[in-house]
Amino acid sequence: MIEDDISAVLQIEHQSFISPWSERTFCEGISGKYPHAHFLVGKHQGNPISYINFMVVDGDCHITNLAVSPDFRRLGVAKYMLAKSLDQMKILGGRKVFLEVRASNIAAQKLYREFGFRINNIRKKYYSDNGEDAYILWIRDIQEISLKYARKKSQG
Ligand SMILES: CC(C)(COP(=O)(O)OP(=O)(O)OC[C@H]1O[C@@H](n2cnc3c(N)ncnc32)[C@H](O)[C@@H]1OP(=O)(O)O)[C@@H](O)C(=O)NCCC(=O)NCCS
């Protein structure tokens, strides 16, 4: 992600979340201030249609944000972004991968499940905007999922 992508990314962010990240959060994220933070963008005809953010610190990976433009959903874009990111995490020596997902977000849960994420914990009333629970999903060791992931890639 570069500065020129941010206005399109913000539009997707606002279309995707009830409590969207601010412009400042994205700008700081790509500024180089946080060397463990990775901000990737997926483009169609040069325009951002998707993005994913994750951190890798001492083998622990945390996926902090993922969204696809409503115009490009159900086309495998999120699968592609997630697969690329998991590859990158592996290269960076990642092992555990964590993320939080809203209990009501069935689409995202199905996506993550396909990649082998399972529930590690439930945080009651985690989201302050509506009091919703968060599922903490994880992959115990990303270095061990190469075969499963290779199969996903060849399917799609
Ligand atoms: C969740 C999200 C990222 C999925 O993006 P996408 O590009 O449409 O997903 P894909 O096309 O790669 O779909 C991958 C799988 O996810 C699941 N999935 C995606 N959208 C779904 C939906 N609306 N209903 C049910 N399952 C869905 C399916 O298992 C799908 O596989 P399939 O198409 O083979 O059935 C997208 O809907 C989005 O941006 N939502 C708003 C933001 C968000 O919730 N981000 C995740 C925060 S944790």
Side-chain angles (χ1 to χ4, degrees), residues 1 5-30 34 36-57 60-90 94 96-140 142 145-156:
M1 192 182 295
D5 298 327
I6 288 188
S7 65
V9 162
L10 275 175
Q11 192 180 345
I12 300 169
E13 178 76 6
H14 283 263
Q15 290 169 322
S16 300
F17 298 106
I18 54 173
S19 296
W21 283 11
S22 67
E23 180 171 3
R24 188 175 162 189
T25 301
F26 284 104
C27 289
E28 282 194 351
I30 63 170
Y34 305 104
H36 303 298
H38 301 263
F39 282 67
L40 309 183
V41 68
K43 293 186 177 179
H44 175 69
Q45 296 179 341
N47 302 311
I49 58 161
S50 175
Y51 51 90
I52 185 165
N53 314 129
F54 59 89
M55 315 267 294
V56 182
V57 182
D60 289 343
C61 311
H62 186 190
I63 297 174
T64 46
N65 204 351
L66 165 66
V68 174
S69 160
D71 295 338
F72 289 88
R73 288 185 188 162
R74 294 316 298 263
L75 297 171
V77 174
K79 267 187 210 175
Y80 178 82
M81 297 296 286
L82 193 52
K84 285 282 176 198
S85 301
L86 291 170
D87 258 355
Q88 190 65 30
M89 290 174 212
K90 284 178 77 167
K96 289 182 212 160
V97 187
F98 286 92
L99 60 90
E100 295 98 34
V101 61
R102 287 178 188 261
S104 65
N105 194 347
I106 304 300
Q109 288 167 37
K110 284 179 80 174
L111 165 72
Y112 296 130
R113 195 164 180 84
E114 281 192 32
F115 280 83
F117 282 89
R118 297 293 178 262
I119 294 177
N120 172 271
N121 195 6
I122 297 175
R123 294 217 174 108
K124 291 281 176 197
K125 301 187 183 348
Y126 178 78
Y127 294 100
S128 55
D129 48 29
N130 67 353
E132 193 171 354
D133 295 347
Y135 294 156
I136 313 300
L137 305 186
W138 77 324
I139 292 175
R140 190 186 298 267
I142 194 180
I145 67 163
S146 54
L147 281 174
K148 204 185 323 176
Y149 164 45
R151 199 163 60 235
K152 288 283 170 214
K153 271 209 300 196
S154 67
Q155 283 170 357

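For reference, positions follow the sequence shown, starting with 1. Both ligands and their constituent atoms are indexed starting at 1 by order of listing.
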- Message: Here's a test for you: under side chain to side chain contact (heavy atoms under 4.5 Å, CB included), which of D60, I139, V97 qualifies with M89?
- Response: V97
- Item | ligand 1 contact on V68 by region, counting heavy-atom pairs under 4.0 Å | both
- When only distance counts, is A108 in polar contact with ligand 1, meaning an N/O pair under 3.5 Å? no
- Item | Closest protein heavy atom (residue, atom, distance) for atom 12 (O) of ligand 1 | K79 N, 2.9 Å
- Message: Determine whether a donor-acceptor pair (N or O, by modelled atom type, separation under 3.5 Å) exists between the side chain of H38 and the backbone of N53.
- Response: no
- Hey, looking at atom 44 (O) of ligand 1, which of N105, I63, I52 has the closest heavy atom? N105
- Message: With a 3.5 Å distance limit and no angle check, can you tell me whether Q109 reaches the backbone of A103 through a side-chain donor-acceptor pair?
- Response: yes
- Atoms of ligand 1 less than 4.0 Å from V77 heavy atoms? 7 (O), 12 (O)
- What do we get for L75 next to ligand 1 when only non-hydrogen atoms under 4.0 Å count, side chain, backbone, both or neither? backbone
- Specify side chain, backbone, both or neither for E100, according to which of its non-hydrogen atoms lie closer than 4.0 Å to ligand 1. backbone
- Note on the structure: Heavy-atom closest pair (P48 atom, V41 atom, distance to 0.1 Å) is CB-CG2, 3.6 Å
- Between E132 (side chain) and S104 (backbone), is there a donor-acceptor pair under 3.5 Å? yes
- Quick one: does ligand 1 sit under 4.0 Å from the side chain of Y135, the backbone, both or neither, non-hydrogen atoms only? neither
- Query: Angle class for the F26/Y51 ring planes (parallel below 30°, perpendicular above 60°, tilted otherwise)?
  - Reply: perpendicular
- Item | Nearest non-hydrogen partners of S22 and L10, listed with the distance | C-CD2, 4.0 Å
- Once you round to the nearest 0.5 Å, how far does CG of N65 lie from CG of L40? 11.5 Å
- Are the side chain of R123 and the backbone N or O of Y135 linked by a donor-acceptor pair below 3.5 Å? no
- May I ask you to identify the nearest protein heavy atom to atom 4 (C) of ligand 1, giving residue, atom name and distance to one decimal place in Å? A78 CB, 3.7 Å
- Shortest protein heavy-atom distance from atom 18 (N) of ligand 1, along with the residue and atom involved: A107 O, 3.6 Å
- Message: Just verifying a value: how many Å separate S85 OG and I63 CD1, rounded to the nearest 0.5 Å?
- Response: 6.5 Å
- In terms of residue, atom name and distance, what is the protein heavy atom nearest to atom 11 (O) of ligand 1? G76 N, 2.8 Å
- Item | Protein heavy-atom partner closest to atom 48 (S) of ligand 1 - residue, atom, separation in Å | Y112 OH, 3.4 Å
- Backbone N/O of P20 and side chain of E13: donor-acceptor pair under 3.5 Å: no
- Against heavy atoms of A67, which atoms of ligand 1 measure under 4.0 Å? 39 (O)
- Item | Closest approach of any protein heavy atom to atom 15 (C) of ligand 1, naming residue and atom | E114 OE2, 3.8 Å
- Query: Counting heavy atoms only, which of Q109, K110, R74 comes nearest to atom 19 (C) of ligand 1?
  - Reply: R74
- Query: Does ligand 1 have a heavy atom under 4.0 Å from the side chain of F17, from its backbone, from both, or from neither?
  - Reply: side chain
- Task: Indicate yes or no: does an N/O atom of L66 lie under 3.5 Å from an N/O atom of ligand 1?
- Result: yes
- atom 38 (C) of ligand 1: nearest protein contact (heavy atom, Å): R73 NE, 3.5 Å
